[in-house]
Amino acid sequence: QVQLVESGGGLVQAGDSLRLSCAASGRTFTNNAMGWFRQAPGKEREFVAAISWGGERTYYADSLKGRFTISRDNPRNTLYLQMNTLKPEDTAVYYCAARSGTVVYKTTDGYGYWGQGTQVTVSS
């Protein structure tokens, strides 16, 4: 089992930056591909970014490339999402996800472990 706890969300203005963190505990963290997803009110959960277990490969939703950066610190068992130049349309609950395996997925069904989510609200 892997337990995931997100933090770092909040209310910011358009153009601001935020860094989300996801602390993992439980079984070994190093061999798990991980990702960030988000869900806005009335919408389906969507892919944001994913990272390989070693951190050498990263993947992003096309619309977010250049503004968001995913990274991980395996010794600290922590996943990060740096979000820059935030826009009102980035408002959503952001979820951290992990999977048992090294293959990276961009879909929700590829991940078996989820955090409770952290709210990000961007005002215009």
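- Residues satisfying the side-chain hydrogen bond (donor to acceptor under 3.5 Å, both in side chains) criterion with Ser7, sequence neighbours excluded, are absent altogether.
- Side-chain N or O atoms of Arg72 include one that pairs as donor or acceptor with a backbone N or O of Ser52 at under 3.5 Å.
- Atom NZ of Lys87 is separated from atom OG of Ser124 by 13.5 Å, given to the nearest 0.5 angstrom.
- No path of Ile, Leu, Val, Met, Phe, Trp and Tyr side chains, each step under 4.5 Å between heavy atoms, connects Val93 with Leu86, placing them in separate hydrophobic clusters.
- Taken from CG in Leu81 to OG in Ser21, the straight-line distance is 9.5 Å, to the nearest 0.5 Å.
- Residues Tyr80 and Trp53 do not share a hydrophobic cluster, clusters being chains of Ile/Leu/Val/Met/Phe/Trp/Tyr side chains in contact below 4.5 Å.
- Tyr111 and Arg99 share no side-chain donor-acceptor pair at under 3.5 Å.
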**Request:** Please step through side-chain contact (heavy atoms from CB on, under 4.5 Å) for the pair Asp16 and Leu18, ending with a clear verdict.
**Result:** CA-CA 7 Å; Asp16 286 351; Leu18 272 179; over 6 Å; no
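- More than 12 heavy-atom neighbours from other residues, nucleotides or ligands sit within 6.0 angstrom of CD on Glu56.
- Under the 4.5 Å side-chain heavy-atom criterion for grouping Ile, Leu, Val, Met, Phe, Trp and Tyr, Met34 is connected to Tyr94 within one hydrophobic cluster.
- Rounding to the nearest 0.5 angstrom, the gap separating the OG1 atom in Thr91 from the CD atom in Gln119 is 7.0 Å.
- Taking all atoms of both residues into account, the shortest heavy-atom contact from Leu79 to Cys96 is CD2-SG, 3.8 Å.
- Hydrophobic clustering of Ile, Leu, Val, Met, Phe, Trp and Tyr side chains at less than 4.5 Å, counting indirect connections, keeps Trp114 apart from Val48.
- Among residues two or more places apart in sequence or in another chain, the ring pair (Phe, Tyr, Trp, His ring centres under 6.0 Å) test is passed with Phe47 by Phe37.
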**Step-by-step side-chain contact (heavy atoms from CB on, under 4.5 Å) determination, Val120 to Leu20** = CA-CA 9 Å; Val120 172; Leu20 305 183; 4.1 Å; yes
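- Atom CG in Asn84 sits 9.0 Å away from atom CZ in Arg67 (nearest 0.5 Å).
- In this structure, Cys22 SG and Glu6 CD are separated by 5.0 Å, a value rounded to the nearest 0.5 Å.
- The hydrophobic clustering, which links ILVMFWY residues whose side-chain heavy atoms are closer than 4.5 Å, places Tyr95 and Tyr60 apart.
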**Prompt:** Can Leu64 and Arg38 be said to form a side-chain contact (heavy atoms from CB on, under 4.5 Å), step by step?
**Reply:** CA-CA 12 Å; Leu64 301 176; Arg38 68 184 184 184; 3.9 Å; yes
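- Annotation for Pro75 and Asp73: closest pair CD-OD1, 3.0 Å, computed over non-hydrogen atoms.
- One distance of note links CD of Gln39 with CD of Glu46; it measures 9.5 Å at 0.5 Å rounding.
- Heavy-atom minimum distance, Gly26 versus Gln3: CA-OE1, 3.6 Å.
- More than 12 heavy atoms of other residues, nucleotides or ligands shown are found within 6.0 angstrom of OH on Tyr59.
- Considering all non-hydrogen atoms of both residues, Asn32 and Ala98 come closest at ND2-CB, 4.3 Å.
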